[in-house]
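So the structure is just underneath, and the comments pick up after that.
Letters A, B, ... are given to chains in the order of the sequence lines, protein chains preceding strands, and every chain is numbered from 1.
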Amino acid sequence: MYVTTTIPYVNARPHLGFALEIVQADVLARHHRRRGEPVRFQTGTDDNSLKNVLAAEAEGVPVRELVDRNAAAFEALREPLELSFDSFVRTSRHPGHRAGVERIWKAVSHDLYRRSYEGLYCVGCEQFYPEGPCPDGHEAPLQRVAEENWFFRLSRYRDPLLDLIGSGRLRVEPAARRNEVLAFLRGGLDDLSVSRSAARARGWGIPVPGDPDQVVYVWWDALANYVTALEDDDHERWWVREPRKIHLVGKGVIRFHAVHWPAMLLSAGLPLPSDIVVHDYVTAGGRKISKSSGVTVDPVALVRAYGADAVRWWLLREVPRVGDADFTEERLVARADEDLANGIGNLVNRVVTMVHRFQDGHLTRPAGDAEAGGAGRDLVDVTRRAGRLVDAALEDYDFRRAVAAVQAIVEAANAYVERARPWGRPPAEREASLAVLVAACRELAVQLEPFLPSAAARVAAAVGGERLPAPRPLFPRLGR
RNA sequence: GCCUGCAUGGCUCAGUCGGUGAGAGCGCCGCACUCAUAAUGCGGAGGUCCCAGGUUCGAGUCCUGGUGCAGGUACCA
């Protein structure tokens, strides 16, 4: 499986919305690795965006300096968010990127032509609009600007794309998003301007091969990273032979990924991705997160305050498949205390404590069939089923459902403790019931791994080995 | 304007191909328990499944219209 995130432009530090995407990708990568499948998980940054140039100008620092500094902040998400990406691509630094973009440009040249483009240009947005006024409400009137650019015959790919996406050979998830793309395609496609004058781009970006006055449209530059980062054997292995190629993207960039990118690949004669998985946005206290408006949530600060477990858990447990998720620290704390401290942590703690109190920390016999067939039946069933439910949920990219399958073990185990009441039973029965519980906790650790890797390791350590370590709370209580 | 999606108990949400009396968690009330991080378990109250039509033996679940909200509308994860 080859799984990617989008590469964000780096005009600012990363925010919680990107953390959502990269944690989802991380879960998929860890899950498939655990099943023994080869996995390559890639992320990176879009260094060549004009927005980076504008941000640097606003700060009065060289573009190179700003881009390097902010890109480093994205790469540094690895530790706090416990990410397992295999490669981090920066479009201005990766050795093969520029050559790769040039190669693709040449491969699609049969679909390129020069045309003079005349449009209404908003200085505030630094972009063209087909008609006024500027949707962001900038004061300055739109200027009529004429520029000659390279155009790509996108219109040619409408029918092939309808077929690919409609048939599911190119899977767009969730279905609501697929329908959106199909509706857009049915509406028809215009050819696409795929270069900019180098002057307007401030000379930043990748020059068009054979036409140094133009730079490659930044989206083409950025999208290409999914293949340009794969060099030599890797290209063959991960882009040509690998059947499962998954792009995780935000809802705002669906068209680039489900329309422009596949069209580009078709034109270039390259294989297509298999899945495009679309997530919605995270809002902050009811307001849209936006770098420009200053409404932002710093995932690293959250991890410092509450820990990686709480942050990852919130992103996976609280964010619905369709619809924006509203983030507040109160919700993060409530979720973590309820599910992690009171749920997983308390369960493991009470089980380990009993093993110590009644068994001196070790079990002498495995869980017997009698216990598994009696009061422990539910627990054994739920535990046994959890792995399959996680598999199925992640096949649907339903992270919430996947996490719920893990939690079901905790609920069943707590219910079993109340029913079996190990403290009130004769020693042999007591040990049998504790053995069932310890087995459930071990499976819990296994199933938790893709979601909360370090916490899963702590659970495994707490219920592992001949003699269990002394009980210790696994998750701090964050509230109150 | 156009396009798309959403609208289920106080809050956050599940509800697969339409089918036995509509669900979960949180919050609230009560009970139980004491192994556990004032944790856990059980039970209860609480809903005209946005509105109006329609299809059907039967619709939260399909169709039409309306209302409200959100997003997109071509360089925002």
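Among the heavy atoms of the strands, none lies under 4.0 Å from A:Ile254. No engagement by A:Arg419 is indicated, since no non-hydrogen atom pair under 4.0 Å with the nucleic acid exists. Residue contacts shown for A:Asp326 are absent, as no nucleic acid heavy atom lies under 4.0 Å away. Residue contacts for A:Glu318: at a heavy-atom cut-off of 4.0 Å it reaches no nucleic acid atom on any strand shown. Residue-level contact check: A:Asn414 touches the backbone only, with heavy atoms under 4.0 Å from sugar-phosphate atoms and none from bases. Base contact: A:Gly17 has a heavy atom under 4.0 Å from a base atom. Within 4.0 Å of A:Arg401, counting heavy atoms only, lies no atom of the nucleic acid at all. Here A:Val253 lies in heavy-atom contact (under 4.0 Å) with sugar-phosphate atoms only.
Side chain of A:Thr43 to backbone of A:Phe88: no donor-acceptor contact under 3.5 angstrom is found.
When the P atom is used for both B:A77 and B:G41, the distance is 42 Å, rounded to whole Å. Comparing the same atom, C1', in B:U56 and in B:U67 gives a spacing of 26 Å after rounding to whole Å. Separating the C1' atom of B:C17 from that of B:G30 is a span of 42 Å, rounded to the nearest Å. Of the C1' atoms belonging to B:G10 and B:G66, the separation is 28 Å, rounded to the nearest Å. A gap of 11 Å separates the C1' atoms of B:G9 and B:G23, to the nearest Å. Taking atom C1' in both B:A22 and B:G15, one finds a spacing of 9 Å when rounded to whole Å. Straight-line distance between the C1' atoms of B:A24 and B:G47: roughly 14 Å, to the nearest whole Å. Distance check on atom P: B:G25 versus B:U61 gives 25 Å, rounded to whole Å.
You'll find that the side chain of A:Arg255 is closest to B:G72, out of B:A36, B:G72, B:C13. The side chain of A:Tyr217 has B:A74 as its nearest neighbour among B:A36, B:A77, B:A74. Taking the side chain of A:Tyr9 as heavy atoms from C-beta on, and the options B:A77, B:A74, B:C35, the nearest nucleotide is B:A77. Of the candidate nucleotides B:A77, B:A74, B:A36, B:A74 has the atom nearest to the side chain of A:His260. Side chain of A:Phe256, nearest nucleotide from B:A77, B:A74, B:G25: B:A74. Side-chain atoms of A:Asp190 lie closest to B:A74 of the nucleotides B:A74, B:A70, B:U37. Candidate nucleotides B:C35, B:U37, B:A77 were compared by shortest atom distance to the side chain of A:Arg350, and B:C35 ranks first. Nearest to the side-chain atoms of A:Glu418 among the listed nucleotides B:U40, B:U37, B:C33 stands B:U40. When the nucleotides B:A74, B:C35, B:A14 are ranked by their closest atom to the side chain of A:Pro320, B:A14 comes out on top. When distances are taken from the side chain of A:Arg477 to each of B:A39, B:A77, B:A70, the shortest belongs to B:A39.
Pair check for B:G47 finds none; no Watson-Crick or G-U wobble contact set falls under 3.5 Å. Across all strands shown, B:C26 forms a Watson-Crick or G-U wobble pair, both distances under 3.5 Å, with B:G10. The base-pairing partner of B:A59, taking Watson-Crick or G-U wobble contacts with both distances under 3.5 Å, does not exist among the strands shown. Remark: B:U40 base-pairs with B:A32; criterion is Watson-Crick or G-U wobble with both hydrogen-bond distances under 3.5 Å. Remark: B:U73 base-pairs with B:G1; criterion is Watson-Crick or G-U wobble with both hydrogen-bond distances under 3.5 Å.
Ring centers of A:Phe256 and A:His247: at least 6.0 Å apart, outside the cut-off.
Side-chain contact annotation: A:Gln42 with A:Thr4, donor-acceptor N/O pair under 3.5 Å absent. Side-chain contact check for A:Ser267 and A:Asp111: at least one donor-acceptor pair (N or O, by modelled atom type) lies under 3.5 Å. Side chains of A:Asp191 and A:Ser155: a donor-acceptor N/O pair is present below 3.5 angstrom, by distance only. A donor-acceptor pair shorter than 3.5 Å cannot be found between the side chains of A:Trp204 and A:Asn52.
Put simply, CG on A:Leu474 is 10 Å from C1' on B:U37, counting in whole angstrom units. Residue A:His257 contributes atom NE2, which lies 12 Å from atom P of B:C76 at whole-angstrom precision. Rounding to whole angstrom units, CG of residue A:Asp339 and P of B:A39 are separated by 14 Å. Summarising the geometry, the separation between CZ on A:Arg177 and C1' on B:U4 is reported as 8 Å, rounded to the nearest angstrom. In this entry the distance linking CG of A:Asn346 with P of B:C33 reads 18 Å, nearest Å. As rounded to whole Å, 12 Å separates atom P of B:C13 from atom CG of A:Asp280. With rounding to whole Å, A:Asn52 atom CG is found 11 Å from B:C76 atom P. In this structure, A:Arg421 atom CZ and B:C42 atom P are separated by 14 Å, rounded to whole Å.
Take the nearest nucleotide of RNA chain B for A:Phe358 and for A:Glu411: the residue whose nucleotide is more 5' is A:Phe358. Across the interface with RNA chain B, nearest-nucleotide mapping of A:Ile7 and A:Arg472 shows A:Arg472 to be the residue nearer the 5′ end.
Put simply, A:Arg400 has no side-chain N or O that comes within less than 4.0 Å of OP1 or OP2 on B:U12. In this model, the phosphate group of B:U12 is not approached by any side-chain N or O of A:Arg335 to a distance below 4.0 Å at OP1 or OP2.
In summary, of the residues considered (A:Leu81, A:Val300, A:Leu316, A:Val23), a side chain to side chain contact (heavy atoms under 4.5 Å, CB included) with A:Val311 occurs for A:Leu81 alone.
Judged by a 6.0 Å distance limit and a 45° cone about the ring axis, A:Arg425 is not positioned over the six-membered ring of A:Phe358.
In A:Arg69, the CZ atom is crowded: over 12 heavy atoms of neighbouring residues, nucleotides or ligands sit closer than 6.0 Å.
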